[in-house]
Amino acid sequence: MSATVDDILNSGRTGKPSVMGILNVTPDSFSDGGAFLPPADAIAQVKRMVAEGADVIDIGAESTRPGSGRASPAEQIARVQHILPAIAEAGVMVSIDTTSSEVASFALQAGAKIVNDVSAGRDDPAIFAVAAEHGAAMCLMHMLGQPKTMQADPQYDDVVAEVKVFLAERVTAARVAGVPRERIIVDPGIGFGKTLAHNLALLAGVDELTALGLPVLIGASRKRFIDDIAGAPDPTGRVPGSIAACLAGFAGGATIFRVHDVAATVQALKVAAAINASR
Ligand code: HH2
């Protein structure tokens, strides 16, 4: 699909979908932990995802799965330093999935173009200045609590409205710290401090989030709510459910999809976009 960063940032207006392929260089990610720790395996996976149509590769060196512990900035840099510069130098658009300004700074200096911060700048507010200094795009995600405890009885009165208010507040915080509004992406954070009902309400209410006027990213790939609905205990068996979630998000105006299974998602989005274009 090969979008540029500007295509991705303008996608809220153009409606053109883009796919962010996930590369977890972690020992403990929920669906692919350990699989891509060896640099040769990581590079091979990136090549595969790019050939399958990924527009951007999101590299993460810290798992945020429910119950996970933290990885220090030094540990995260040690995990990405042998692969991220080579991937960026090969002309692949790279996003760094981190909440650390130190890791973001390393990645942006090595050629990454997007900072994907699941804490939306709350863990380490200096991340905004780092993104601003490099002219990077930033994805701000909603999470209730912290990964270690976030699935322990999350409560909302109106999940869609509360997530929207949170994202608007974090957009303001980013702008005050120097990140231009035109470089911000927002994400409701599927599975981050949410019950099944909360995830479903957010996927059904994506249009309320796109009303913020910023591109919306959906990360539902292989997540546990798919098992809760359809009985798919093995995360690699959740591709159809992941695609259903992407298409629901796309129908609501979301345009960026963070996924493990690139080829299948690209095909589904191409068909959905072609149907939209013929309306
Ligand atoms: N989900 C995960 C990680 N990063 N970033 C954004 N913007 N949105 C998401 O929904 C999101 C994210 C969790 O998924 P995964 O990377 O597959 O697993 P882990 O956190 O265990 O590495």
Side-chain angles (χ1 to χ4, degrees), residues 8 18-37 42 45 49 54 56-71 75-76 79-80 94-100 103-104 107 112 114-123 127 131 136-144 146-148 150-151 163 166-167 170-171 174 184-194 198-199 202-203 206 209 214-227 234-236 238-239 241-242 245-246 248-249 254-262 265:
I8 291 176
S18 45
V19 168
M20 177 182 262
I22 300 171
L23 181 72
N24 286 317
V25 281
T26 55
D28 54 347
S29 287
F30 77 94
S31 84
D32 53 5
F36 304 114
L37 271 179
Q45 174 66 355
M49 289 194 287
V56 50
I57 302 295
D58 189 43
I59 304 182
E62 175 179 53
S63 174
T64 48
R65 75 176 202 287
S68 60
R70 305 306 308 255
E75 232 171 311
Q76 293 181 53
R79 287 176 186 165
V80 302
V94 171
S95 158
I96 180 73
D97 187 348
T98 190
T99 68
S100 153
V103 178
I114 302 175
V115 176
N116 174 23
D117 182 350
V118 299
S119 82
R122 292 176 300 160
D123 270 11
I127 202 164
M138 253 204 108
C139 179
L140 306 177
M141 196 196 79
H142 175 272
M143 168 167 35
L144 187 69
Q146 286 291 324
K148 221 173 175 60
M150 66 190 177
Q151 288 306 107
V163 166
F166 170 91
L167 291 174
R170 297 317 297 163
V171 169
I184 299 176
I185 297 161
V186 292
D187 177 349
I190 300 300
F192 284 85
K194 278 116 191 164
H198 297 143
N199 288 321
L202 285 165
L203 287 166
V206 166
L209 305 178
L214 295 166
V216 173
L217 184 152
I218 296 293
S221 185
R222 297 187 184 177
K223 285 187 177 167
R224 199 173 49 205
F225 76 97
I226 297 167
D227 180 33
D234 175 358
T236 61
R238 298 176 189 163
V239 183
S242 303
C246 282
T255 46
I256 310 163
F257 302 93
R258 182 183 180 277
V259 303
H260 300 85
D261 303 288
V262 171
T265 310

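Counting starts at 1 for both ligands and their atoms, following the listed order. Bear in mind that the values here come from a model prediction, so they are computed numbers and not experimental data.
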Is the shortest side-chain heavy-atom distance between [X] and [Y] below 4.5 Å?
X	Y	result
V216	P188	yes
I127	M138	yes
L140	V171	yes
I185	D187	no

Modelled atom types, side-chain donor and acceptor of Q76 and S100, under 3.5 Å: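 Distance-only check fails for Q76 and S100.
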
Neighbour list for ligand 1 [protein residues, heavy atom under 4.0 Å]: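 Heavy-atom contacts below 4.0 Å: N24, S29, F30, S63, T64, R65, D97, N116, V118, C139, M141, D187, F192, L217, G219, K223, R258, H260.
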
Between D123 and R70, is the closest basic N to carboxylate O distance under 4.0 Å?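 Looking at R70 and D123, the cut-off is met.
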
